[in-house]
Amino acid sequence: MQTASHSGKSVTLTFSTTPTVMYQVQFITDLTQTNWTNLGSPIRATNFTWTASETMTNSKGFYRIDQLP
């Protein structure tokens, strides 16, 4: 991931991608858990960076970007 920022209850993630590759943004509230929640649908990258925004419903959380096969 390149950057993560938040304003109020909104978080914005910007990350490096490879064009034509599929990615899935995922979220979890506790790193001791193993079940990540998908945020939205998978995206197919069209260039070398992609930005995703999410309205936070929890006071804390962790995000990851999963590259799909």
Side-chain angles (χ1 to χ4, degrees):
M1 185 175 320
Q2 292 178 327
T3 62
S5 62
H6 70 87
S7 176
K9 289 195 172 262
S10 179
V11 63
T12 301
L13 310 170
T14 302
F15 56 96
S16 298
T17 59
T18 301
T20 73
V21 173
M22 295 289 291
Y23 295 91
Q24 176 67 60
V25 179
Q26 298 180 323
F27 173 85
I28 201 165
T29 58
D30 183 344
L31 289 176
T32 63
Q33 299 173 350
T34 58
N35 295 324
W36 289 78
T37 300
N38 289 341
L39 295 178
S41 299
I43 61 107
R44 183 174 303 279
T46 58
N47 53 38
F48 292 98
T49 59
W50 191 73
T51 300
S53 293
E54 168 72 3
T55 301
M56 297 184 303
T57 56
N58 295 294
S59 61
K60 70 174 184 175
F62 303 92
Y63 294 87
R64 72 179 184 184
I65 311 305
D66 190 24
Q67 182 177 326
L68 303 177

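The shortest side-chain heavy-atom distance between P19 and F48 falls under the 4.5 Å cut-off.
With hydrophobic clusters built from ILVMFWY side chains whose heavy atoms lie under 4.5 angstrom apart, F62 does not share a cluster with L39.
Taken from CG in N38 to CZ in F27, the straight-line distance is 12.5 Å, to the nearest 0.5 Å. Remark: W36 CH2 to L31 CG distance equals 6.0 Å, nearest 0.5 Å. Taking CG of N47 as the reference point, atom OG1 of T18 lies at 11.0 Å (rounded to 0.5 Å). In this structure, CD1 on I28 lies 7.0 Å from OG1 on T37, to the nearest 0.5 angstrom.
T32 is linked by a side chain to side chain donor-acceptor pair (under 3.5 Å) to D30, counting only residues two or more places apart in sequence or in another chain. Judged as a side chain to side chain contact (heavy atoms under 4.5 Å, CB included), and not counting sequence neighbours, the contacts of Q67 are V21, Y23.
The minimum heavy-atom distance between R44 and T20, with the atom names listed, is NH1-O, 2.6 Å. Nearest heavy atom pair, residue P42 against residue M22, reads CB-CE, 3.6 Å.
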